[in-house]
Colleague: 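First the structure, which I've put down as structure tokens, then a few questions once you've had a look.
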Amino acid sequence: MSPTTTRADHRISFADGELSYDCARDDTILRAALRAGLSPGYECNSGGCGSCRFELVDGTVHDRRPDAPGLTARDRRKGRKLACQSEPRSNCVIRIGVGGGLRAHRPIRQAATLKEVQPLTADMAEFTFQTANPAAFTPGQYAMIHLPDGEVERAYSMSNVSNCHGHWRFVIKRTPNGHASSLLFDKLEPGATVTLDGPFGNAYLRPDDGRDIVCVGGGSGLGAMVSVVLGAAAQPGAENRTVHLFIGARNAADLVVPAPVEMAARRLNSLQIHTALSEEVVQGGGSAGNALVEGAYPGFVHEAVVTDLGESLESFTFYAAGPSAMTEQLARSLVVERGVDADRLHFDRFC
């Protein structure tokens, strides 16, 4: 499959009459807008967060996920819909907010071949896919992977950086009874082909603003934070920048630091790695010789951030990826309880 271009099946127009774009019948109103270079508000791309709510003024759409939790009962009464789940069935007129955010890379759909699976822990691995075109994205973004068996699509953050080789890497954690992760770990073998759609996401690495940065990764969210660390190490002036990488896990067996992080450390002024174990209280200093475990904070990773950085919290720019409970607690701890400017915390909600 070569990169897809947007077929002009239907025309999507804005109610104010100023903007319009083409949308294929099998595409969503949100993704087609992003492919056109527009910037509607969104986060998860999966129907969970509700950030892409819109009003359908005229036309008809097919709802991919009628029970999506991103819409409240009040939203449904008012006829609101989710742009990430709405496929047009006619020309449509919509009312949705559009900002002026960075769109360095427009998402495209293309075939991707699984090249390698590198185990990281007992239930987490890094999957490498290859596309015919360069892998073009900003550190911290994600892609939608449509698996070959059935109508299964999931969002996964890239764990590498843009490259001309077409390599897309994803740190993926096996989810108990999870359909997508079971397919990836048990059914997909090197040589298999999936459809990769991306990049997406607003939690991308910003240009160097003169601040040191904090990256917080929980579970497989570590992959996105590795990408941000690598990206920060490649920015001009990296030798003057300190990065704090916080890794949250349930127990010692889940703690891992991917090898590329060590290479990034050589280009930064300093890379400080902090760990937190939420379910395993390390007794007597932890496992001898395992620095990740010996110095682990006994609790949740958002608590470790506040405890370890203390009064210096306001001097950082923050990036986070992981379970929604983790990112929401981190946002509450930083913004509500400690007064950190919300514009300096970047994460995408996944449900």
Side-chain angles (χ1 to χ4, degrees), residues 114 116-129 142 145 154-160 169-190 214-230 243-265 271-308 319-330 333 347 350-351:
L114 179 61
E116 182 184 12
V117 180
Q118 177 66 43
L120 298 176
T121 68
D123 61 356
M124 194 159 62
E126 185 174 58
F127 289 72
T128 300
F129 291 88
Y142 65 89
I145 297 180
R154 292 292 185 273
Y156 296 109
S157 299
M158 281 72 78
S159 56
N160 59 334
R169 295 194 172 97
F170 305 89
V171 172
I172 299 174
K173 187 177 180 66
R174 182 191 288 273
T175 303
N177 302 316
H179 191 179
S181 64
S182 294
L183 288 173
L184 283 161
F185 279 88
D186 301 332
K187 302 293 185 181
L188 223 61
E189 296 182 351
V214 174
C215 297
V216 187
S220 60
L222 171 64
M225 295 302 95
V226 169
S227 180
V228 172
V229 171
L230 297 178
V243 174
H244 291 267
L245 173 61
F246 284 81
I247 304 172
R250 292 179 178 177
N251 53 61
D254 293 335
L255 282 178
V256 62
V257 178
V261 171
E262 297 179 5
M263 293 185 289
L271 175 63
Q272 303 294 321
I273 297 178
H274 312 251
T275 56
L277 298 175
S278 62
E279 294 183 0
E280 179 181 339
V281 177
V282 180
Q283 302 292 342
S287 302
N290 188 340
L292 294 179
V293 177
E294 289 175 350
Y297 176 86
F300 294 106
V301 69
H302 71 274
E303 298 170 338
V305 173
V306 174
T307 299
D308 289 0
Y319 298 89
S324 57
M326 184 212 84
T327 54
E328 289 169 6
Q329 285 294 332
L330 179 65
S333 297
F347 68 93
F350 292 94
C351 302

Colleague: Which pair of non-hydrogen atoms, one from A249 and one from D254, has the smallest distance, and what is that distance?
Modeller: CB-CB, 3.6 Å
Colleague: How about S159 and E126: do any of their side-chain heavy atoms sit closer than 4.5 Å?
Modeller: yes
Colleague: List in chain and number order the residues that pass side-chain contact (heavy atoms from CB on, under 4.5 Å) with L183, two or more places apart in sequence or in another chain; answer none if no residue qualifies.
Modeller: L147, D149, V152, H179, K187
Colleague: Quick one, Y319 and M225 - any side-chain contact, counting heavy atoms below 4.5 Å?
Modeller: yes
Colleague: To the closest 0.5 Å, what do you measure between CG (L222) and CG (L245)?
Modeller: 6.5 Å
Colleague: Only pairs at least two apart or in different chains count here, so list each salt bridge (charged side-chain N to carboxylate O under 4.0 Å, His left out) that has a residue in residues 174-183.
Modeller: R174-D186
Colleague: What pairs with F347 under ring-ring contact (aromatic ring centres under 6.0 Å, His included), at least two apart in sequence or on another chain?
Modeller: none
Colleague: Please identify each residue that fulfils side chain to side chain donor-acceptor pair (under 3.5 Å) with H274, with sequence neighbours left out.
Modeller: H244, D308
Colleague: Check whether any side-chain heavy atom of V301 lies under 4.5 Å from a side-chain heavy atom of M326, and answer yes or no.
Modeller: yes
Colleague: Using side chain to side chain contact (heavy atoms under 4.5 Å, CB included) as the criterion, point out the one residue from I145, N160, L184 that pairs with F170.
Modeller: I145
Colleague: Are F185 and F127 an aromatic pair by the rule of ring centers under 6.0 Å?
Modeller: yes
Colleague: How would you list, by chain and number, every residue that makes a ring-ring contact (aromatic ring centres under 6.0 Å, His included) with Y156, sequence neighbours excluded?
Modeller: none
Colleague: Return the minimal non-hydrogen interatomic distance between A252 and V293, and the atom names on each side.
Modeller: CB-CG2, 3.7 Å
Colleague: Could you walk me through whether F129 and L188 satisfy the side-chain contact (heavy atoms from CB on, under 4.5 Å) test, starting with their C-alpha distance in whole Å, then the side-chain angles of each, then the deciding distance to 0.1 Å, before giving a yes or no?
Modeller: CA-CA 11 Å; F129 291 88; L188 223 61; 4.2 Å; yes
Colleague: Side-chain contact, heavy-atom cut-off 4.5 Å: L292 with V257?
Modeller: yes
Colleague: Measure the shortest side-chain to side-chain distance between T128 and R169 over non-hydrogen atoms and say whether it is less than 4.5 angstrom.
Modeller: yes
Colleague: Shortest non-hydrogen contact from C215 to V228?
Modeller: SG-CG1, 3.6 Å
Colleague: What pairs with E116 under side chain to side chain donor-acceptor pair (under 3.5 Å), at least two apart in sequence or on another chain?
Modeller: none
Colleague: Could you pull out the closest heavy-atom pair between G218 and P323, with the gap in Å?
Modeller: O-CD, 3.7 Å
Colleague: I want to check something: taking the side chain as every heavy atom from C-beta on, are E303 and S333 in contact at a cut-off of under 4.5 Å?
Modeller: no
Colleague: Please list, chain by chain and in numerical order, all residues satisfying side chain to side chain donor-acceptor pair (under 3.5 Å) with T275, sequence neighbours excluded.
Modeller: none
Colleague: Using every non-hydrogen atom in the two residues, find where A276 and A304 come nearest and quote the distance to one decimal.
Modeller: CB-CB, 4.1 Å
Colleague: What is the distance from atom CG of L255 to atom CG of L120, rounded to the nearest 0.5 Å?
Modeller: 12.5 Å
Colleague: Using 0.5 Å steps for rounding, measure from the CE atom of M263 to the CG atom of L271.
Modeller: 12.5 Å
Colleague: Which residues pass the side chain to side chain donor-acceptor pair (under 3.5 Å) test with D123, sequence neighbours left out?
Modeller: T121, K173
Colleague: Look only at the side chain of T175 and the backbone of S181, and say whether a donor-acceptor pair between them is shorter than 3.5 Å.
Modeller: no
